[in-house]
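A, B, ... follow the sequence lines: proteins, then strands. Residue 1 opens every chain.
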Amino acid sequence: MLDRKFVLENAELVKANCAHRGTPAEIDKFVELELLRKTKLSQAEEFNRQANATSAKIGAAAPAEREAIKEQGRKLREQKEAVQSEHDALDKEIAAILTRVPNMTHPAAPIGRDDQANLEIARGKTAIPTFDFQPKDHLQLGKIHDMIDFEAGARVAGAGFYFLKNDAVLLELALQQFAVHLLIKHGFVPVSTPDVANTETLHGIGFIPRGPETQIYSIENTDLNLVATAEITLGGMYAGQVLEAESLPLKLVGISHCFRTEAGAAGRASKGLYRVHQFTKIEMFAFTLPNQSDAVHEELRQLECDLFDALEIPYRVVDTATGDLGGPAYRKYDLEAWMPGRATAGEWGEVTSTSNCTDYQARRLNIRSRTKNEKGTQLVHTLNGTAIAISRAIIAVMENHQLADGTIRVPAALRLWMGKEFIGK
RNA sequence: GGAGAGGUGGCUGAGUGGUCGAAAGCACCGGAUUGCUAAUUCGGCGUAGGAAGAAAUUCUUACCGCAGGUUCAAAUCCUGUCCUCUCCGCCA
């Protein structure tokens, strides 16, 4: 959520930003309503002030005068209530508009209406593999080594769910160990989070559950939702808290399962593990001071690169265009890994995403920082980044490191945790 | 799941209808003083919103877990709810 005062004072900037992002937003209406709300607020406060002053007189007043003063107080309260309810209605309407207004955008982010405008800014250290045989996709490889069972997943939970088996399980655990250990070395606090969160927390992060287009599973008869990412729980972890400035940046690495309905995703090119309803994810999250967030964003991007370089997976880094940014993101980088089994001759597939959300999430979650010996507090900045989304990382590992006979070479970084050099040998 | 107790400012903790944004202590900050690694003493010390001002600042509203209710007036009374603790039950 943007700051009301900011929107009011920068209406044209905000409008232009909404246009770049392709998000229709009623900024003019917001300005009109917000100005009206402020006058209502002043009126209500003035009535309230008078009523408070009147009430204060009663205790000291002579008994004979009390009834008259009480009556006066009653009238003032009624007037206050009338104005207040007008104010509250406006406030609600304004909040609804503001919820749909996306974050401002980093000046360097490429401007464009969709992912066609995304800008490739770097490549990983590993070259795209050339095979002297017809490479298999991860489904074929998984079948050979009995690693993934979609049929059983469908029997138990429906399409889009799956069982990992045998070496896929070791691979999942190895990827987790590898990522978490590397991030601990970089000062991240490891956190295993709840897999559910209440609706308020989801709103704070910028998710809108329980709507027709929602990506979120909700639990019936409760206020709980299955999380789509540990970003939700890690951000919510410090909701309403005031962090000491000297403890920032605070970096967390969370482990959670992620659940997504993928409503509206039907028909989009995807097979196997690429787009599923549940997967495990290692997620980075950071709380920073405002002047730290750009640097930490670069750090998160670099760590994602380090992880995939170590996994010897070819990738490209993409600077996401304005029209393809999610609402809370100020800037977003994606890593797209080469997946030899996608399309006819391989294709890039998104494996990580890191966003600087500036104070957009912090404002609604009310996460602030306090600097020693300074008056007041300020909103922190929040950032998130995928370390490893297990299902997609497994695709990349299996398909890039396959050999002609169908065995899969385990990248050196994972061997300690996998306990073997090859899958299928 | 059952029974009980409790949620007050950074912390401890007082406060059962008006003079309470809230005593006191601790911590912290500033000054004074004493020549000794600290004591004494004085003062300050919450957050957010709004208005005025170039600014320091001033005025004002809200906030005593949260949401409602009663009342001219609520930290205080009522209802609901969440959380914490203790005991019991169940349990990986």
Out of B:C72, B:A62, B:G50, which has the shortest distance to the side chain of A:I58?
B:C72
Against the side chain of A:R368, the closest entry in B:A48, B:A73, B:G50 is B:A48
Taking only side-chain N and O atoms of [X], does any of them lie within less than 4.0 angstrom of OP1 or OP2 on [N]?
{"X": "A:K5", "N": "B:G50", "value": "yes"}
{"X": "A:T377", "N": "B:A48", "value": "yes"}
{"X": "A:N48", "N": "B:U60", "value": "no"}
{"X": "A:R77", "N": "B:A73", "value": "yes"}
{"X": "A:N366", "N": "B:U47", "value": "no"}

Length of the line joining [X]:[atom1] and [N]:[atom2], which is rounded to integer Å:
{"X": "A:E81", "N": "B:G68", "atom1": "CD", "atom2": "P", "answer": "11 Å"}
{"X": "A:R49", "N": "B:C59", "atom1": "CZ", "atom2": "C1'", "answer": "9 Å"}
{"X": "A:R66", "N": "B:G17", "atom1": "CZ", "atom2": "C1'", "answer": "13 Å"}
{"X": "A:K70", "N": "B:U71", "atom1": "NZ", "atom2": "C1'", "answer": "9 Å"}
{"X": "A:F47", "N": "B:A51", "atom1": "CZ", "atom2": "C1'", "answer": "17 Å"}
{"X": "A:R37", "N": "B:U61", "atom1": "CZ", "atom2": "C1'", "answer": "13 Å"}

With a cut-off of under 6.0 Å to the ring centre and 45° to the axis, is [X] in cation-pi contact with [Y]?
{"X": "A:R77", "Y": "A:F47", "value": "no"}
{"X": "A:R409", "Y": "A:F422", "value": "no"}
{"X": "A:R392", "Y": "A:F279", "value": "no"}

Mind checking if A:S42 touches a base, just sugar-phosphate, or nothing, with heavy atoms under 4.0 Å?
sugar-phosphate
In Watson-Crick or G-U wobble terms, both distances under 3.5 Å, what is the partner of B:C87?
B:G2
Check: A:Y238 ring centroid to A:F287 ring centroid under 6.0 Å
yes
Do we see a donor-acceptor contact under 3.5 Å between the side chains of A:S218 and A:N225?
yes
